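Remember, predicted model here, so these are calculated numbers, not experimental data. Below, chains carry the letters A, B, ... as their sequence lines are ordered, and counting in each starts from 1.
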Amino acid sequence: MATTIASARAPTFFEEVVAATPGADPHLELCLQCGTCGGSCPSGPDMDHTPRALFAMIDAGMKDQVLRSNTPWYCVSCYYCMVRCPQEIHITDIMYTLKRMAIKEGLYRESSSSDAYGFSETFIDYVENYGRSFELGVATRYHLRHHPLSAIKMATGMGFSMFVKGRMDLTPTRIKNLDQLKAILGKAKELGGAA
Amino acid sequence: MKYGYYPGCSLERNAIAYHQSAMAVAGPMGIEFNELEDWNCCGATEYISIDLLPAYALISRNLALAAQQDLEGNGNQLVAPCSACFLNLKKTDHYMAESPELSEKVNAALAAGDLHYEPGSVSVRHLLDIVVDDVGFNAIAEKVTNPLYNLRIAPYYGCMIVRPGNIKSFDDQEYPTSLDELMSTLGAEVVDFPLKAHCCGGHMTQISESVALELIRRLLKNASDYDADMIVTVCPMCQLNLDAYQDAVNKKFGTNYNIPILYFTQMIGLAFGISPDDLGFGKEMVDAGPALTKIGAEPSLKPKKKRPSKEALPMPSMGEDG
Amino acid sequence: MNKEKVGVYVCHCGTNIAGVVDVEDVSTWAGEHDNVEIARDYKFMCSSLGQDLIEDDIKEKGLTRVVVAACSPHMHEKTFRAACERAGLNPFLFEMANIREHNSWATNDKVAATQKAKALVNAAVERVVHQVPLEKLPVEINPNTLIVGGGIAGITAALELADAGNHVYLVEREPSIGGHMAQLDKTFPTLDCSACILTPKMVDAGQHPNITLLSYSEIEEVDGYVGNFTVTVRKKARCVIEEDCTGCGICEEKCPVKVVDDVFEAGLGYRKVIYRPFPQAVPKYPVIDKENCTYFLRGKCKACQIFCPTEAIDFEQEDEILKFQVGNIIITTGFDLFDARRIPQYGYGRLANVFTSLEFERMVNAAGPTGGNIYLRDGVTEPQSVAIIHCVGSRDKNYNEYCSKVCCMYSLKFAHLVHERLPEADVYNFYIDMRTPGKGYEEFYHRLLEEGTHFIRGRAAEVTDAARLPGEEGKLIVQAEDTLIGKQRRVPVDMVLLSAGMEARGDSKEISQLFRMGCDFNGFFTERHPKLDPVATMTEGIYIAGACQGPKDIPDSVAQAAAAAARVAGLITQGTVMMEPVRASINEEACSGCRICNTMCPYNAIVFHEDRNVSEVITALCQGCGTCVAACPSGIITGAHFTNDQVFSEIEGILWDVRSKPELVPVD
Amino acid sequence: MNEQFEPVIVGFLCNWCSYRAADLAGTARIKYAPNMRTIRVMCSGRVDPQFVLKALREGADGVMIAGCHPGECHYVEGNIKTLRRFLLLKKMLKQLGVEDERIQLVWASASEGTILADAVDRMTEQVRALGPLNWQNTVLGGGNGQGQPAPIENTPVVEEV
């Protein structure tokens, strides 16, 4: 009986988040609101909501506010929260999920650090076309697009000395079987949707 | 000991020193690396933020290749020196095993490139893991010809090497100690570095420099508070952030940190008596030269704890438990 | 087999059963069974009217068997057996069909439930006709009682029984009784001094004519069953002759060797190598710690012996093995404190000024290492700020998922003690949820609010000495999210107290094996019923009390101990218990002497007679598990009340509707 | 009910843990498949392989044996004996063509009503998927009616060596 009711209604935001997170159950429903995650987070002070607060908001179905939040974008993927969570919630993975959802819903721009998306975008653009990342390219292209000033700083300052030290390529390396990779990524995109 | 080797993009260039030194010390430690043929980028932390399935497909192409190319009898052990690559590869393998649905979709994508990956068929290891666990401290101690006496080292693991937390790790996920032990095996004086497994800022240097510089500052400050001569890392991203942005930190916070950031493989090489040029020394932005001159004769009296005053209360014993 | 007259009674249990099972249908259907004399359904069979129904039918209709289809036998088997007995029918000619817990409460499907009810009733009917009259076995209760563990629970239980005139053996592993309570300073919420209320009880226990106190002793072996346990105890060598020792303490004074006391002083203080854990120790005799004694290590010193005025020191003394009989056993082995080293991010053992709760108890104790002063690890500096971290090792799936129950309250107590001793100091309590259920507990929390304690609702994420901001230099920084503000906070303090949780004793699994009682996943001992029988165990004659059953504070432990003592006293006054006659017996004529059953029996209740080459079951020792019955290759061991033909016919009965070949000859 | 196959499962529950677990499941009003019919034994160690064979031959589609968790047995280690016996029985039945899912061993303590209920649901589904067990044809082959199934007498003996 309960099941029939469940299948009748559309999935809640909470259920969407859980479904879009890879691996086994991320245990989001187990959150005790203890704040261990928010307390452990290195960039916690810069987030507009702590992860804990975000989880409460997810449960409350505040989809818009959650996907507009800068929290996921400030996640540095250090996984400290996940190591310490007393309920073994896959916090970092959920942050990734929220980023993807924010992008899908086009809400990431509203979050105060939309640059993150720009960087990721530039980064994977190289990966998709060369099979390898290309620091100089990523950096310059991304900076030119997002903060031109620092791009110049880059090229002249640190970037330059990196180059002098032989720690930066001028041209990207391309993998041999790029077509294979492209085919795979193409197929993956077509299959789309989170697992 | 033979292993498959996945250098990852960084080691081709910005972390070239890591690559060189790793190759230089492999022989003496009895390790043979067979680089994975035509490997591709692991997507770092970027791809997964944008699209799930392609990200997993991208990573698992490497796993599939590793499984396929296991010709030299690597026992399907794939070693990644870069912590981010290591974590991505390990996590993908684990999650594919955990969720058949994910594995199915990823393999559907791989099929487009005539590849297939059976979760669990490749075991992903970090370079530090095989050095401390497979080679072992004793074997390393035997090879040490130029002990790093008098050098105060802050061992810095960064975060990803012992994470994500829901997957078994080769060292403590909160407060690892293998690198500490390795460095003291080399004769160095090891700092009990509180921030040893904290974050270096990762890609924040690009996205939000202010956030990143603060994270980097914490690490540099803590290391200098502990009078460390240098910080030794196991990850190209950590090295890059702490090394290349040290200048920026000093400018922003009016500090004057000058702490060289080196790779653990470089230190092993040094202790093995390998010439610095073959270990990629000189590539670091903060010159390691001055610090290295501190290396000298064995300290006559070991820096042992001075006897506590008679009022002092006993410290808890730290037995091997928990 | 001549036809039996079975009476079948189907209970409605109000709507509990009748709401799902078509009880009328079931009883009429049962009535058609050829062995069934009468079948009825009734609102409440357990009511006196319901029982009368049975009794009258037995008398008037001459029923030879009775089946009641109602709730679980664990609920009312006793009730109906008694009814049968009153009507002159042997209680073991009664059988119960569980159509409530196992049926009507477990499904909403009326059709299926009714079908299942029929199967269960039919099974009972088929079975009951094969049942035979049995007599309960009277067992003498030895009036002596063994109590394992001399903490507050053990002492309480011992005194309760002893005062009632029963003899008690109180066995304690440590050199003195008193347990954890003896280490505490004040007790919440009333703040009366722990020693002041405990030591008188310790003395009573030590001097009571009815209590044999075996301290510094451990249980080696336990045999037997309720009423008749044989206990073997190892009394470890104290190297002190108790008869001669006056407890003057000179030996302790003269002993040149000092070691850290990890037990009583929780590692915060030192003790001599010949020592009494604390001045009011009971018994008063010291013990020599052989691991660290210079004489035992290097064969010289003997200072204690030289100075002892009564020549009570005996280095050659050896462990004693004692054997005695008891009728009942009460286990009060207490708890271990969670080892805070297991949580590296709190820095215990690495950061000098992080202390555990037990260390702090010793510190604030006037008789403790600092004479009651609150000092940092240097032993001289008073902290100006103290952080108290709740839930250390509790409410955390990485360690213990359960709540340790006492930590919130003792953390509040700590806060109070700091305010009391260091009025200038700031105190911060980091908590997830404040749990203060109990008489006067919530009020105590309010009192602390008044005293100006800072309460931060957020589980501390880490304790570090890595200063980041001005004002953090040289301090310990507690980093946490203040969840009520939703912001991360870093609180610099001088001292951090870790409110570590309670864990089962490290060796609780072995203890549970030793006494053959259940032990849950966490290592706490399992009670017979979580609500209705919290101090008994599944093993007759063995009771549990105090923290060995689960995290508990002093009042709860004392209450449980008294309850356990009352249960034992009850049995003792009865003098005998009637044991279920569910026992195995061997048909010696048919026994092939293969001895397989010998190895099967966990109670060594089966002896083998070499001469006659047959095995025999010692009824008194047999507990009736039936493992031997199932194992006997020639099937000649009978498990009373669970015989093969009884179970076989039950199987046939339960499958009445699906039996493939009804005329199949039953195996036996 | 509808026309889907409803398997009949006989459950041998030990008096101390799993029978109480089933009681608890009921008391907690946990709803689970009504397909299991329970028989109480003092200890899972009492479950003679013959009981299982008897049940299967008499028309049960599956048999569940449930006892206390290892280490928690009221009779010290009856459940361990059960486990050994169970593994052998399983092997034997496999040879006779009876699928693994049809006999299952479950550990459920007195406090684990949900575990037992879940186990019953799971097993019911598995056996339903397998369809009815026709002992006559599956085991005795062509249902020639007479004849004891397989050498059951020696199963306990095998176990001890």
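With A/I184 as reference, B/L110 is the one residue of B/N40, B/V106, B/L110, B/L58 to meet the side-chain contact (heavy atoms from CB on, under 4.5 Å) rule.
A salt bridge between B/E284 and A/K165 is absent, with no side-chain N of the basic residue lying under 4.0 Å from a carboxylate O of the acidic one.
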How far apart are the C-alpha atoms of B/S208 and A/Y74, what are their side-chain angles, what is the distance that settles it, and do they pass the side-chain contact (heavy atoms from CB on, under 4.5 Å) test? CA-CA 8 Å; B/S208 170; A/Y74 272 119; 3.8 Å; yes
Check the pair A/Y79, B/L87 against side-chain contact (heavy atoms from CB on, under 4.5 Å), reporting the backbone distance first and the verdict last. CA-CA 11 Å; A/Y79 293 88; B/L87 183 78; 3.2 Å; yes
Between B/Q206 and A/F123, is a side-chain contact (heavy atoms from CB on, under 4.5 Å) present by the stated rule, with each step listed? CA-CA 11 Å; B/Q206 304 302 313; A/F123 183 95; over 6 Å; no
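When all heavy atoms of B/G113 and A/Q180 are compared, the closest pair comes out as O-NE2, 2.8 Å. In plain terms, the two heavy atoms of B/L102 and A/G23 that are nearest each other are CD2-N, 4.5 Å. Across B/C41 and A/V127, no two heavy atoms sit closer than the pair SG-CG2, 3.8 Å.
Judged purely by atom type and a 3.5 angstrom limit, A/Y80 uses its side chain to pair as donor or acceptor with the backbone of B/E174. Between the side chain of A/R100 and the main chain of B/I48, a donor-acceptor pair closer than 3.5 Å is present. Between the side chain of B/E98 and the main chain of A/A24, a donor-acceptor pair closer than 3.5 Å is present. In terms of modelled atom types and a separation under 3.5 Å, the side chain of A/R167 and the main chain of B/K283 share a donor-acceptor contact. For the pair B/R163 (side chain) and A/S77 (backbone), a donor-acceptor distance under 3.5 Å is absent.
In this structure, no portion of B/D247 lies under 4.5 Å from any heavy atom of chain A. Proximity to chain B is absent for every atom of A/T97, based on heavy atoms less than 4.5 angstrom apart. Contacts between B/S103 and chain A at a heavy-atom distance below 4.5 Å are absent for every atom of the residue. Only the side chain of A/I103 comes within less than 4.5 Å of a heavy atom in chain B; its backbone stays farther off. Contact of B/A197 with chain A is made through backbone and side chain together, with heavy-atom distances under 4.5 Å. Heavy atoms closer than 4.5 Å to chain B are found in both the backbone and the side chain of A/S133.
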